[in-house]
Q: 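Could you have a look at this structure, given as structure tokens, before my questions?
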Amino acid sequence: MDKVIRSASTSAEEILEWAEERKLETCFDRAAKLKPCPIGETGACCRVCHMGPCRLIGKNAEKEAMGVCGATLPTVAARNLARMIAAGTAAHSDHSRDMANTLLAVATGETKDFQIKDAKKLYKVAGILGVEFEGRPVNDVAKDVAEIFLQDFGRQNGELNYCKRAPKKTQERWKKYGVTPRGIDREVVEMMHRTAVGVDHEADHILTQGLRTALADGWGGCMISTDISDILFGTPRPIKAEASFGIFKEDEVNLVVHGHEPTLAEAIVAVASKPEMVEYAKSKGAKGINIGGMCCTANEVLMRHGIPTAGGFTNQELAIMTGLIDALSVDVQCIMPAITEVSKKFHTKIITTSPKAKMYGAVHIEHNEHNPNKTAEEIIRLACDNFPNRKAEGSHITQKYPLIGGFSDEYIEYMLGGRWRASYRPLNDAIMAGRIRGVVGLAGCDNPRVPATGIHKFLVNELIKNDILIVSTGCGSAACASAGYLTPEMALENAGPGLREVCEAVGIPPILHLGACVDNSRILTIATNMAKEGGLSDEIGGMPAVGIAPEWMSEKAIAIGCYFAASGVPVIFGGESPVGASKEVTKIMTEVWMERFKGALHFEPVPEKMLELALKYIDAARDALKLRKYEPGKFGTDRVLMDMAARREIKAAAHTGVGGINES
Ligand code: SF4
Ligand code: MSK
């Protein structure tokens, strides 16, 4: 019998084999045992009331099947998708609300442990929100900004502040089709209401509110969260780090931060370097304290401090199996409850920290936004105390890969044009000339139902070979990083000739790591900047750009896919469609949305077909924009890109401001 490959990462596969010999169960084993229910998998099951659950199946289910109340398959499938959007939006946005509350606490002095680290970003945001900032104390500006953001959550009418950041034409489409979001909480609540038993029954009508809710996520929850994280902790710029299981150190206390929120993790990173903490670790027999990350909390601290990442979602149980993690501090989202079970076999302490999330078998040390350093210190001491309890067993993997992360939209603008002429012009020119065929946003989770990270790897290889620039976030970035794909050298080896030339001139990898899931908002900003720069489409729709989430699993991914579709980006998700049972709903997502918004949401389980569809969309957009036909190795004339030497000269003259690879 052929060996079943569960992960495309050789280190992960090694740990899985080690675990199998010891009969240790993981999500991969459970995924193999627990096949998805075929009715629920395609969106044909309704359980919104207790006359059901109703299964809308049969030969002619689309037209004939009905639930007890009379709901048809398109209604049920649309409701299921809409509720996923609402849940995903709620997750990002509740995280974002906490960020706004933290900003307010810092501004009013209730939190002394954090300060405004990036005043320049604060002023940029203040400018967008219409907050006066010239000559005012930084904290006063921050207070006004935080209060305006908080209003966006509870706003009842009007529109979200950040809608105005989108290109005018994109905003007009939203208005025309009634999807401009009002308040973040309002859209989520209305979505839940409309999908309750006996309310909204027209699939298109339900999904229109679905898009409105998703836009509240993208241009609200996610974008607000990204901006506040930058204001408080600094706007990322390129930084070196490492990825995979080899980041753990045998002779140091290994403390891993996992989840999504940057606040407590920032405090942990700061407090762990204090001499008294290092001394404490030494008193327990360790040489120091090594902070590592997991999932999107990892991305947050990697982007700003170069903290190494142990990888994405499917790596969490495997990381514990190295036997080297002394404490795993989790906040919210994408944390498998199974990790406490695995940890029992090792010495790892699992610590829950959010007032919103507890787990059986975990220690709870609650994060208090007014005093994060105190909580951080308690967690670090607990990790140090646990260091002497390490057992000899464990799959001690040493493989790790270097990476460069930290590509904010601000840095990309600088990188392309230089400090004095920062602009997206060179990117637009390179696309127009055919050097870069198009742009793909590669996002979303890794998934144990496919060889985990395998579709990511296949797609990035093929896309960059086809001169497609990739911007990545979330576990997609972690998948690329732990495969060694986030280094400039990758461009030389695998990228097509045009993309390679651009990457070499600018000194960037062909895959730009933009951060956590919420930082998909940076991709919206990049697309907006490209539209405003001119020469391509004058709205986000119609750009030679596609979004792909090949191994998605979370409801948050659905919300993200839908906000990209409503913003004008064709999106391709891997796996079976969660609404595949309904032809009407599938048509709405792929054809109706394309007509209205120039965006779409496809589900395609075959990786080769995903690639084909992405290239088809990109080439069709190039044709519609009357751009030079893409031919590998043949380019039109475009402007000379600034090379690294030219940029260093500028940097030497400038001294300050955003720019320069951070060598730390
Ligand atoms: Fe069944 Fe209708 Fe209740 Fe859904 S709302 S569970 S279709 S009776
Ligand atoms: S962590 S949502 S598994 S990307 Fe943001 Fe990763 Fe998906 Fe969670």
Side-chain angles (χ1 to χ4, degrees), residues 27 39-40 43-57 61 65-80 83-84 87-92 95 194-201 206 217 222 225-226 257-262 293-300 302-303 309-316 330-336 441-449 452-453 456 472-482 513-521 547-561 573-575 581-582:
C27 60
I39 302 162
C45 173
C46 181
R47 48 177 302 271
V48 304
C49 90
H50 203 49
M51 291 186 285
C54 298
R55 293 169 298 166
L56 279 69
I57 49 176
M66 272 187 193
V68 175
C69 67
T72 61
L73 183 52
T75 305
V76 167
R79 280 203 296 225
N80 285 333
R83 285 194 163 208
M84 291 178 94
T89 301
H92 288 141
H95 158 179
R194 281 167 63 167
T195 52
V197 54
V199 188
D200 199 358
H201 295 112
I206 294 169
D217 186 24
C222 287
S225 182
T226 295
V257 289
H258 174 19
H260 281 77
E261 295 180 340
M294 177 76 67
C295 279
C296 280
T297 304
N299 289 324
E300 296 278 4
L302 183 155
M303 295 283 284
T309 175
F313 181 67
T314 57
N315 277 8
Q316 54 192 295
V330 305
D331 48 73
V332 289
Q333 302 169 20
C334 302
I335 296 143
M336 289 189 193
L442 184 83
C445 329
D446 48 324
N447 195 323
R449 290 217 174 271
T453 71
H456 285 281
S472 77
T473 60
C475 293
S477 291
C480 295
S482 47
H513 182 352
L514 297 185
C517 312
V518 288
D519 294 324
N520 279 303
S521 66
I548 309 184
E551 298 181 30
W552 75 281
M553 61 85 204
S554 165
E555 289 161 318
K556 290 179 290 169
I558 293 288
I560 293 168
F573 272 38
S582 170

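Each ligand, and each atom within it, is numbered from 1 in the order the structure gives. Reckoned from all heavy atoms, side chains included, excluding hydrogens, waters and symmetry mates.
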Q: Considering non-hydrogen atoms of the protein only, which is the closest contact for atom 5 (Fe) of ligand 2, and what is the distance?
A: C517 SG, 2.1 Å

Q: Using heavy atoms and a 4.0 Å limit, tell me yes or no: is G444 in contact with ligand 2?
A: yes

Q: Give the atom numbers and elements of ligand 1 that come within less than 4.0 Å of a heavy atom of G52.
A: 6 (S)

Q: Show me which atoms of ligand 1 lie under 4.0 Å from any heavy atom of G67.
A: 7 (S)

Q: Should you measure from each heavy atom of M553, which atoms of ligand 2 turn up under 4.0 Å away?
A: 3 (S)

Q: Would you give the length of the straight line joining atom NE2 of H258 to atom CZ of F313, rounded to the nearest 0.5 angstrom?
A: 8.0 Å

Q: Heavy-atom distances under 4.0 Å decide this one: backbone, side chain, both or neither, for C445 against ligand 2?
A: both

Q: Nearest 0.5 angstrom please: N80 CG to S582 OG, how far?
A: 10.5 Å

Q: Could you grab the distance from atom CG of D519 to atom SG of C296, nearest 0.5 Å is fine?
A: 8.0 Å

Q: Specify whether an N/O/S atom of C54 falls short of 2.8 Å from atom 1 (Fe) of ligand 1.
A: yes

Q: Please list, in number order, the atoms of ligand 1 under 4.0 Å from a heavy atom of C69.
A: 2 (Fe), 5 (S), 7 (S), 8 (S)

Q: Just jot down the ligand 2 atoms closer than 4.0 angstrom to any heavy atom of K556, in number order.
A: 2 (S), 8 (Fe)

Q: At a 4.0 Å cut-off, with the gap strictly under it, does some heavy atom of Q333 reach an atom of ligand 2?
A: no

Q: Using a cut-off of strictly less than 2.8 Å, determine whether C334 has an N/O/S atom near atom 8 (Fe) of ligand 2.
A: yes

Q: I need the T75 OG1 to M66 CE distance, nearest 0.5 Å.
A: 9.0 Å

Q: At atom 5 (Fe) of ligand 2, what angle lies between atom NE2 of H260 and atom SG of C296, rounded to 10 degrees?
A: 100°

Q: Keeping the roles fixed (side chain from H456, backbone from C445), state whether a donor-acceptor pair exists under 3.5 Å.
A: yes

Q: With rounding to the nearest 0.5 angstrom, report the CG to CG distance, L73 to L56.
A: 5.5 Å

Q: In terms of the angle between their ring planes, are H260 and H95 parallel, tilted or perpendicular, with boundaries placed at 30° and 60°?
A: perpendicular

Q: May I ask you to list the atoms of ligand 1 that are less than 4.0 angstrom from any heavy atom of C46?
A: 4 (Fe), 5 (S), 6 (S), 7 (S)

Q: Short list, please: which atoms of ligand 1 are under 4.0 Å from a heavy atom of M51?
A: 8 (S)

Q: Numbering the atoms of ligand 2 from 1, which are under 4.0 Å from a heavy atom of S554?
A: 2 (S)

Q: Whether the side chain of S521 engages the backbone of V518 through a donor-acceptor N/O pair (distance < 3.5 Å, no angle test) should be reported.
A: yes

Q: So which protein heavy atom does atom 3 (Fe) of ligand 1 come closest to, and at what separation?
A: C49 SG, 2.3 Å

Q: Within less than 4.0 angstrom of ligand 1, does R79 place any heavy atom?
A: yes

Q: Given the rule in the side-chain hydrogen bond (donor to acceptor under 3.5 Å, both in side chains) test, do N299 and H513 qualify, once you have shown the distances and angles that lead to the verdict?
A: CA-CA 9 Å; N299 289 324; H513 182 352; 3.2 Å; yes

Q: What are the atoms of ligand 2, with element, lying closer than 4.0 Å to any heavy atom of C475?
A: 1 (S), 3 (S), 4 (S), 6 (Fe)

Q: Determine yes or no for a side-chain-to-main-chain donor-acceptor pair under 3.5 angstrom, with D217 supplying the side chain and A559 the backbone.
A: no

Q: For V199, is there any backbone N or O sitting under 3.5 Å from a side-chain donor or acceptor partner on H201?
A: yes

